[in-house]
Amino acid sequence: MKRQSLQKILIAAASVIAATAAAGGAVAFCGFYVAKADTKLFNKASKVAIMRDGERTVMTLANDFQGALTEFAMVIPVPVVLEEGQIHVTENAILDHLDAYTAPRLVEYFDNDPCNDEIIVTASRQFAEAAPPAADRRKGDDALGVTVEAEYTVGEYDIQILSAKESGGLAQWLKQNGYKLPAGAEETLTSYIRQGTKFFVAKVNLEEQSKTGLRYLRPLQIAFEHARFMLPIRLGTVNADGKQELFVFALTRTGRVETTNYRTVKLPTGMDVPVYVKDEFGAFYKAMFAEQTKREAERAVFLEYAWDMNWCDPCAADPLTNDELRELGVYWLDGEAPNRSVRPRRPAPGGPADVFVTRLHVSYDAAHFPEDLMFKETGDRENFQGRYVMRHPYKGEANCEAGADYRAALPRRFEAEAQTLATLTGWDIDEIRTKMKGAGQSFDPPKKDKWWEKLWGKAPPKKG
């Protein structure tokens with residue numbers, strides 16, 4: 001089964017005004033949005049949205065499972081036994097929208113005539129195999145020390161909430177019920193059992209799935225209250241065949257979310273890049289992210305976006321509606337009483353919604369991320385976004401002294417862009433320069449007319 005393609009969202013370009021020097025001043029925090037780097041760039045990308053308010057949590061888990069639905073199975077450690085009403089199934093489009101809205105973006109500016117004064121410019125992975133014949137199953141849940149605390153069918157999923165006394169019994173129970181556990185899983189399960197963790201396990205109910213008419217699996221949602229603000233990722237590293245990409249979208253009333261047991265690092269942002277990057281923005285972003293991950297010894301969680309919902313600059317997609325936010329767990333909209341244990345900053349009337357969104361991105365494996373991700377809410381509401389700037393040089397005549405200075409400064413500007421791109425991505429600087437020349441960004445200084453050539457213009461033709 002192929003994963004549903006992300007919804008393509010197009011927006012109109014915003015007006016751009018920047019008080020900047022003709023040859024290279026500071027760029028305003030705006031621009032014409034032209035491209036975004038969303039999660040579809042990665043083959044193994046899990047998306048998790050987390051609403052957090054005090055101890056209240058709603059997790060929305062989008063899986064990237066590809067294969068026969070009969071082979072799908074999910075194991076998620078959860079802190080409490082969930083009632084049926086605490087489990088929900090939602091639509092992919094909402095997470096796709098949130099992904100597009102917060103994605104790192106490329107913006108472009110067009111230099112004006114320099115002779116003019118004004119310049120406008122997954123959490124848990126799936127373990128699955130065919131279930132054994134009924135006659136070969138179970139030597140008894142009690143004998144294995146496993147208790148089925150609750151069983152539900154929610155949407156197209158059959159769900160069980162388990163508790164266990166020891167990992168060996170739980171591992172045996174999972175295997176007998178069609179969950180394939182790789183080597184090393186029991187040790188990880190032991191650590192969760194010692195913490196009193198329950199286990200949320202889900203399979204596809206084929207009859208219910210057929211009723212949906214969909215050829216993909218929708219995200220699962222769980223709502224609960226617990227003091228720990230965390231995301232279990234260790235089970236996902238046990239059977240992984242390489243690094244996995246995880247995108248976390250946190251929704252709070254207080255401000256930015258960051259990890260407490262790993263470094264949270266802001267993605268490099270605001271850099272000028274060559275104009276040819278417009279056609280290679282996906283490749284640029286992947287190379288840049290891989291390079292920054294390597295520089296942080298592959299142990300950092302990267303901040304890609306932090307902003308009050310309902311406005312952005314520039315927007316890579318329209319803000320989420322109140323209905324979409326409520327579906328993701330933002331329960332305090334439309335006049336419902338919020339959790340009084342939290343004291344958020346209230347926006348002014350007509351300003352951004354009382355929802356702050358944080359986008360975190362981590363490339364992880366067991367060697368570099370041996371612990372689950374632990375989070376905290378902060379009071380930091382400073383805006384941040386992964387944003388990269390492409391500036392087109394002026395193509396007109398510019399017959400003035402300022403125009404000559406502008407032309408003379410362009411090779412230095414282009415070289416700075418080449419050096420920036422090489423530093424961000426690790427790409428070969430000579431290859432970058434070659435591509436820039438092919439896109440019309442020349443490193444050669446402009447040819448200067450000799451002073452007498454301006455006196456008489458073109459010489460008259462010789463008489464024969």
Side-chain angles (χ1 to χ4, degrees), residues 3-4 6-7 9 36 38-40 42 45-65 74 76 78 82 86-104 122-124 154-155 157 200 202 216-226 229-233 236 244-259 301-310 312 316-333 353-362 372-377:
R3 190 174 41 172
Q4 183 191 34
L6 292 177
Q7 180 184 8
I9 304 175
K36 66 177 181 289
D38 52 26
T39 59
K40 68 181 179 181
F42 299 90
S46 297
K47 293 183 290 187
V48 181
I50 307 177
M51 184 289 299
R52 181 71 174 183
D53 187 47
E55 295 188 355
R56 300 176 182 177
T57 301
V58 175
M59 286 189 180
T60 304
L61 307 160
N63 66 79
D64 58 352
F65 178 76
M74 178 182 286
I76 305 171
V78 291
L82 302 173
Q86 293 173 271
I87 306 169
H88 184 61
V89 177
T90 191
E91 299 300 326
N92 285 338
I94 295 177
L95 274 181
D96 291 347
H97 189 177
L98 185 57
D99 173 23
Y101 177 73
T102 58
T122 5
S124 298
V154 179
Y157 297 97
F200 176 103
Y216 57 87
L217 294 175
R218 295 178 295 173
L220 271 164
Q221 295 182 287
I222 54 177
F224 56 87
E225 293 188 34
H226 199 271
F229 183 13
M230 55 87 72
L231 183 65
I233 64 170
Q244 300 173 71
E245 304 295 325
L246 173 64
F247 296 84
V248 178
F249 309 93
L251 303 167
T252 74
R253 294 190 299 130
T254 54
R256 182 171 56 82
V257 167
E258 62 184 34
T259 48
V301 177
F302 286 90
L303 175 70
E304 293 189 332
Y305 189 87
W307 209 287
D308 276 298
M309 182 60 70
N310 273 7
C312 43
D318 292 331
L320 274 66
T321 66
N322 278 11
D323 287 343
E324 288 176 309
L325 290 170
R326 190 176 185 87
E327 181 73 6
L328 292 173
V330 182
Y331 64 92
W332 59 84
L333 299 176
D354 191 14
V355 183
F356 196 90
V357 57
T358 303
R359 176 190 176 111
L360 301 173
H361 180 186
V362 57
D372 293 326
L373 298 181
M374 308 299 295
F375 301 110
K376 71 174 182 180
E377 297 177 76

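Given the structure is predicted, the values throughout are model-derived calculations rather than measurements.
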| query | Is there a donor-acceptor pair closer than 3.5 Å between any side-chain N or O of His88 and the backbone N or O of Thr60? | reply | no

| task | Would you give the length of the straight line joining atom OG1 of Thr259 to atom CZ of Phe302, rounded to the nearest 0.5 angstrom? | result | 11.0 Å

| field | Mutual orientation of the aromatic rings belonging to His361 and Phe42 [parallel < 30°, tilted 30-60°, perpendicular > 60°] | value | perpendicular

| query | Should Phe356 and Arg256 count as side-chain neighbours, where that means a heavy-atom distance under 4.5 Å? | reply | yes

| message | Contact between Thr57 and His226 at the side-chain level, heavy atoms closer than 4.5 Å - yes or no? | response | no

| query | Any side-chain heavy-atom pair from Leu373 and Leu246 closer than 4.5 angstrom? | reply | yes

| pair Tyr157-Met74: side-chain heavy atoms closer than 4.5 Å | no

| Short question: side chain of Thr39, backbone of Ala45 - any donor-acceptor pair under 3.5 Å? | no

| task | Report the residues that fulfil side chain to side chain donor-acceptor pair (under 3.5 Å) with Glu91, sequence neighbours left out, ordered by chain and then residue number. | result | Arg218

| request: Rounded to the nearest 0.5 Å, what's the gap from CD1 on Ile50 to OG1 on Thr252? Could you check? | output: 11.5 Å

| request: Side-chain contact test, heavy atoms from C-beta onward, threshold under 4.5 Å: evaluate it for Asp308 versus Val355 and give yes or no. | output: no

| task | Quick one: list whatever passes salt bridge (charged side-chain N to carboxylate O under 4.0 Å, His left out) with Glu324, sequence neighbours left out. | result | none

| task | May I have the step-by-step check of side chain to side chain contact (heavy atoms under 4.5 Å, CB included) for Val78 and Phe224, ending in yes or no? | result | CA-CA 9 Å; Val78 291; Phe224 56 87; 5.5 Å; no

| query | Has the side chain of Arg52 got a donor or acceptor atom that lies under 3.5 Å from a matching backbone atom of Gly54? | reply | yes

| request: Return the set of residues passing salt bridge (charged side-chain N to carboxylate O under 4.0 Å, His left out) with Arg359 (not counting sequence neighbours), or none when no residue passes. | output: Asp99, Glu304

| note | Interatomic distance, CG@Asp354 vs OG1@Thr254, rounded to 0.5 Å, equals 9.5 Å

| Straight-line distance of Met309 CE to Thr102 OG1, nearest 0.5 Å | 8.0 Å

| task | Output the distance between atom CG (Leu303) and atom CG (Leu360), rounded to the nearest 0.5 Å. | result | 6.0 Å

| Asp372 side chain to Ile233 main-chain N or O, any donor-acceptor pair under 3.5 Å? | yes

| said: Less than 4.5 Å apart, side chain to side chain, heavy atoms only: is that true for Val58 and Tyr331? | reply: no

| request: Return the minimal non-hydrogen interatomic distance between Val357 and Leu98, and the atom names on each side. | output: CG2-CD1, 4.0 Å

| message | Can you give me the closest heavy-atom contact between Ala103 and Lys36, atom names plus distance? | response | CB-CB, 4.0 Å

| task | Check Asp318 against Tyr101 and note the closest heavy-atom contact, atom names and distance. | result | O-CD1, 3.6 Å

| task | Could you tell me the separation between the CD atom of Glu327 and the CE atom of Met51, rounded to the nearest 0.5 Å? | result | 12.5 Å

| Trp332 side chain to Arg253 main-chain N or O, any donor-acceptor pair under 3.5 Å? | no

| If you look at every heavy atom in Leu82 and Ala223, which pair is closest and at what distance? | CD2-O, 3.8 Å

| note | Correct closest heavy-atom pair for Cys312 and Ala317 would be SG-O, 4.3 Å

| What closest approach, in Å, do Val154 and Ile87 show between heavy atoms, and which atom pair accounts for it? | CG1-O, 3.8 Å

